[in-house]
Each structure stands twice: as structure tokens, then as C-alpha cells.
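Following: one structure in C-alpha cells, then a few remarks.
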Amino acid sequence: MPQLRSRRSGEGGEGEGGSRQLRSRRTTAGQGKKKGGAGAGEGKNEGGKGSPKPEGRKEGQVAKAKAPPSQGGGNSGKTPVSGDAAKKGAPWSGGPSGKSTPASGGGQKRAAAAKRNTPGAGGSGKKRTYNAGAKNKRSAPGAAAAGRNVNKLERKDTESRDKRNQQNNNQYVNNHKPANNHGGEEEGSTAPVPDKAQVGGSPAYLVEKKLGKGGFGQVYTGRRVNGSESVIDGAHAYKVALKFEHRSSKGCGYGPPYEWSVYSALSGCYGIPRVSYKGRQGDYYIMVMDLLGPSLWDVWNTQNQVMSQEMVACIALESLVILENLHSKGYVHGDVKPENFLLGPPGTPNSNKLYLVDLGLATRWRDTVCNTHIEYDQRPDVFRGTVRYASVHAHLGRNASRRDDLESLAYTLMFLLKGKLPWQGYQGDNKGFLVCKKKMATSAEQMCKYSPPSFKQFTEYVMNLKYDEDPRYSWMISLFEPLCGSALQRPIKINESTLAKVGQKRTRDMLDDQEDEEAPKKKVRIGIPALQWITVYNAHRPMKQRYHYNVTSIRVSQHVEKGNDDGLFISSIACYQELWALIMDAGTGYTEQLYTLSSTFLPKDWIMERWEEGYYITSITGSSVGRSFVVMSKGTPYTQQSYKVSDSFPFKWINKKWKEGFYVTCMGTSNTRWAVVMSRNAGFVDQVVELDFQYPSEGIHRRWDSGFRITSCAATPDQAAFVLSIPRKRPIDETQETLRTSAFPSAHVKEKWGKNLYIASVAYGRTVS
Ligand SMILES: Nc1ncnc2c1ncn2[C@@H]1O[C@H](COP(=O)(O)OP(=O)(O)OP(=O)(O)O)[C@@H](O)[C@H]1O
């Protein structure tokens, strides 16, 4: 899926006249064979016009990029860092434990530019829309202030550990009930509803039987005080449904319920019940709507939790017609599930007609003013919908689009057909995460086993829909039509005229489909999780860069010392099977660097001491058994730093720190734990996060299109996270590529060097579901 974007400047070259490229490639072949007895590998690029030197070749030639001069052993005050760790009795491996392993050149001090660059409060970072109003105050407190804050921030980190479970819980707000406007309705539900209702010029209704209660309100039958029993629907209906919402409920915080505006916008929409009147009476907002019958969940339940294939196929077909109509009005429903599909009232001609209710979570996918698709965004801490039926994108906090309703419909249909979904039964704080993980690990094939092929085709299609892709409703409908039985005996009423129209369109769509078959879409969920190396490459003028992988803890110092002596600093690190990978290069701008290998994730005391000395964390990684490798440097532009270790991706914390002017500057993982480092004066003006249970290809491409570039990445065995930023000062050549490989991509790196693309980030973890 290579992608080429607008051309701007010389690919890999300095100056003008070339290309700005963004590419994302994935290779799974076993490239990059491990070398050497210990399986360690390395590679070097000496910066000579980007032409890589073969491995093992002597270095030192054509070193174009200037590295800070080395002063071997110049400063005895900067003691070997890993020695500190060893002193504290933190032997990170069986090897060098207790031995004072010299870190980064054994306390070498780089003479160049000892003063840290603290540019202060420059560039008011405009935040993402959802941070709107939170202006980034950059206080540029300098080293002393940073030191003071260190303690505070470190204490916070300790506290946050205690709150870990709570945080996990918070990540998925409101597991069972829609999250946005729901909750806090107790006052609404405890206050008695009136005996009689009359609003907005409606006739008077006697409030009778309670039909249901949701997160928003309560629904009752209303019977006209005066009127004819023969009128079954519309403004003069004898019996109606009355939806009461207490004025103090969250949904009514600013006046009438949000849902009212959606009902108004969708007035007359096929399959949406008609609202005849609405208004406020006393403490209640009351909506008078067509009275409907049981929900599909009620039907499934009363039929011994079984539903025939014919019935489910009819439901599929009719739901698709309803959703197509609703989507054509610019809305997505946002909470498609069996409980929200209602049949008409029993004993009436509409008793087997399907309706879709509960528009409280409906949002626009199409902008009202410019008629364009709402912009893509992801906020991993926002969840809207119902855990069991929510799409994976909804779990991950992506803006709702049409594909989400369709994915929820696929889950609804399989639930009705099979009586159970593979992710039922999870409990606890982590429920949302576990359900989403299971959804990602379940292919359409696994989910629809033993069902007619149409269900699998439909499910696979909706799972693969892109954020703004136009769904092919007619093609989907055509999948189910043959399973619906003869027109006269269909268990669900199907609007024949809609079907006829769909039939015409379908012919066109099916032709499109034939064309598509020639180039089948890659399945996003194959049900076989895989972990890979993720490498991110940036264009850079020719410079020295080296990589070392499969490095044991004992060997780290050897590589680091050698690199330091040659003017290189560690720019990124990763861990694979308890062996380290490190990238060293001449392009970091650091003036001094220390590192530690620790038995904890992360070594708080060591970090705090280094903070006091004016170092900032520049790279972190952890091993699956909880060890860590932390690199701290001088010469960064940072003025203040904070980090958080968390059992789940700490997006809430990131969001909070964004508002305080911090940006993510590096991330690392240790098994399923995350560590995120955020710094003030990071040189970014905006930042976003892409988090997924696989490589978030679509999200990254969309962010690239909006001018963001990956600036940090990390992955656990479950999830991969990418932080993308807009730099305050844009580089001339913005080329960025990512690569995913099953082995360390040594051969690829050399190819990239040949194009003046250098590793900017490296991680190992989940990329495939
Ligand atoms: N027009 C109607 N006719 C008959 N019953 C209805 C009607 N509308 C809603 N109901 C019943 O009332 C229940 C609650 O309605 P609804 O889902 O609209 O409320 P809500 O507070 O928005 O719920 P949720 O918490 O799911 O958002 C429904 O599950 C359904 O059983």
C-alpha cells in the first residue's frame, strides 16, 4: 500500500525540487537474518551520501554529519549510570549484575553546548478540537523549576499506580449505557411522571403502562382522553408512546433533550417512528410518538432465544434499508442493537414492520454546511454505545461513521442467529478492552461459521469498510434477499417500493462488485494475531546511523561506548525477547547522554536524580519481564518533563498534559504496561494519538494527510500506539515511511539509508489481528 503524497522537496536530498513522500509498507518475509553466535546484529551507515556500508566494514570514512566531540572520561562527576543501578542492587540480568557497567562512555561529558536550549514560551500550541479552549501555557520554567516539578510529577506517578484499576475502568465510560448524555438520571427516574400529558398542542393523553426505561428516560403508553380508537398512528392516534425525560437529567442540561433535534431532522425518514408532538410539562420533557411493539430482543427472548435464518435475513434486509435511509440524511445511529429495533404494535397491520428507535447517540457523519464527511479523529478515552454491539472503531474512540452502524448490525444479526457473541461473559474494569480485543481477534469466518455464506460476506465487508467509504447498501441487501423466503410469507414486512429501487441500484453495484473482485481488499481482521518489528523512517541529510539488535544487557555498554566515541548518541531503543535493539546516530542534537538498564519499569529514583542533573528522558523501552532500558540526554529543547506508567494506554493523562503544554516525546512498553514521557517545549504545535489492536494503517494515512508525522511509537503484545505531531518548524523534506517486518529489518534499513531515510523510531509488538 505505498502511498505517494504531494511533492515538495528532494527525496532524501537537501534543498529543493524533489518529493515529499509518505509511504507505509509491510513485509512479513523473514528478512534480516540474525547474525553472529549470540544472534546479535548490527549495521552502520556512515553518512556518505546515504550509501550504506556493508555490515562489519570498518567505520570512520565519509562522516559528513558532525557529531559532538567526545571527551573520553572528561568528567568524573558524571558517573556511569548503570553503575548506579547496580549499586542499588538492581541486576537486570544474570550477566553484569553488581558490576558497574559504564554507561554511555563511562561518564563522558560532551563538551559541546553544555547549556541547554530553553527557548521558553514560544509558539502557542493550538490543540485539537476536543481540547478547544485549553491554550497551551508554556511557562518555560528552566532547569530549576523542572527539578522542582520533578518531585511533584514523580509523586503523581506513584499515586497513579494506585489508581491504575480506576483508570482502566475510566477508559471505557459507561459499558452498558451510551456514554455521552447518559447517567445521572436518578432524579428524573425517581420523580413520578404525571398522570396526564399534553404538550405542544397535542391532545390530552392518560399516562398508562410503562413500556421501557433507558439511560435517558422512561417510555409509557398514552391513551387519548377523547378520540377514536380506530386511528392507530400519526398525530390523531388513539394510543401513543410518551417518552419522558426529567429536566434535570444530563441529556437536558441545556434545554430539551438532544434526541429531539435528531428526531426533527429525521422526520419522515423510513423506519424511524414519527414524533407528533413534543414539549415540556412541569419537570418533564415529553415526546409524543407512534406507539410500537416489542423489540427484537424481546422477540428473541420470548422465542426461547432462537430466531430462524429466514427471520434474521429479513431483519438484515430491512435494517439495511432503514440504515441507508438514515445515513442518507447525514446521520449515523450510534447504538444499533436488538433492543433498539422495535416491531409495530401487535394486532395491527404494522405488527411485523421494523423500526429503529433511540436516537440519543446519533451524530452527523456529513457536515450540514459543506456536505463533506466529518473529519477523522480518534480519542481513545471516549466510548459511545453498547459494549456488546459496538464497532471496534467505537471502542477505540474513533469518530462515528456509517461503517460503525453496519458493524453493529453484523453483531446484532449474529447475536439473533446464534444467541451468543464470542465476547460475551467478560466482567470487570477491563471489560471494554477485553471485548474489543476479542472482536479484533475474531474473523468474519469464525464469527459466521455454520451460517449461510451471505452473513460472512456481509460481516467481512463491513469490517473492512474505511472511515469515509460509501457503503454499498444495495449489494449488502442483495446478499440477504435470497434468504428471506417468498414475498407473502416473510416474517418481517419489507417495503416493496424501497426494495424495487434498491433492485435497480443493486444491478449497478453488483457490476461494481465484479470489478472489485479482481482486486480483493485485504482483510483487516484475520483472527490470527501477530507481533512484528515496527520501524519508522524519516528523511534526513546524510548522517551516520547504526543499529544493533539482539543485544544482551552485557553487550550494551560496548556498543554505546563505541558509538559515543564516534560521536553518536542513542536515538531509539526497543526490546524483543529480552534482547535489546538500539539505534545510534549523529542527528539527535544531544550533547550528553546517560542510560541505565534496570530491573524495574521504570527506575524512578534514577530518573529523578538525572532530572536534577539536567538530563531529560529521550528513549525508553521495557522487556516482557519488567526490565527497562532508559536513556536520558542533555541538549534537548525540553524545559520540563513528566512520565506515567500505566496498565492501559494512558490517553486520559496525555489529554490532561496536552492542556498543560506537554507533548509526548517518547513511549515504551513492558509486556502489557505502557510508559509515556511528555515534555514541555517539545517543538510541536499539535499532537494526536493512533491506538489500535493492529497497525492503524488508515488512521496513520489520514493523519499524514493532515500534516502529522509519527514522532513516537510503542507496542504491547495487544496494541500498537503511534503519536503523531506537527512540528513547530517543518523539515524541508517531510518524507516518512513505516515498515513492519517479522525479523529486524536490517536489509531494509540499508536500502532506506540508500535513499537517505533513517530510522526515527523502533518498536516491537502487535501489528496484526
Ligand atoms: N415508540 C415506542 N413504542 C413503544 N415502546 C417504545 C417506544 N420507544 C421506546 N420504547 C421502549 O422504551 C425503551 C426505552 O426507550 P429508548 O431506548 O428510546 O430510551 P432511552 O432512554 O433513550 O434508552 P437508552 O438507554 O437505550 O438510550 C425501549 O427499549 C423500548 O422498549
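Please read these numbers as outputs of a predicted model, since none were measured by experiment. In listed order, ligands and their atoms are each counted from 1.
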In terms of atom number and element, which parts of ligand 1 are under 4.0 angstrom from non-hydrogen atoms of Gly217?
-> 21 (O)
Which is closest to atom 6 (C) of ligand 1 in terms of heavy atoms, Leu342, Leu291, Asp298, Leu292?
-> Leu342
Report, in ascending order of atom number, the atoms of ligand 1 lying under 4.0 Å from any heavy atom of Asn340.
-> 17 (O)
Taken to the nearest 0.5 Å, the spacing of Tyr389 OH from Lys439 NZ works out to 10.0 Å
So the atoms of ligand 1 within less than 4.0 Å of a heavy atom of Met289 turn out to be 1 (N)
Does Lys337 pair with Asp335 as a salt bridge, N-O distance under 4.0 Å?
-> yes
Where does the angle between the aromatic ring planes of Phe415 and Trp300 fall among parallel (under 30°), tilted (30 to 60°) and perpendicular (over 60°)?
-> tilted
Numbered atoms of ligand 1 (with element) below 4.0 Å of Ala241, judged on heavy atoms | 1 (N), 2 (C), 3 (N)
Interfacing atoms of ligand 1 (cut-off 4.0 Å, heavy-atom, Asp290) | 1 (N), 2 (C), 3 (N)
Lys353 NZ: over 12 foreign heavy atoms closer than 6.0 Å | yes
Which part of Gln218 is near ligand 1, with near meaning a heavy atom under 4.0 Å away: side chain, backbone, both or neither?
-> neither
Side chain, backbone, both or neither: Pro273 near ligand 1, heavy atoms under 4.0 Å = neither
Decide if atom CD of Glu375 counts as having more than 12 heavy atoms of other residues, nucleotides or ligands within a radius under 6.0 Å.
-> no
Can you find an N/O atom of Asp358 closer than 3.5 Å to an N/O atom of ligand 1?
-> yes
Aromatic centroids of Phe433 and Phe693 separated by under 6.0 Å | yes
Output for pair (Leu242 CG, Leu211 CG), nearest 0.5 Å, gives 9.0 Å
Is the shortest N/O to N/O distance between Lys243 and ligand 1 below 3.5 Å?
-> yes
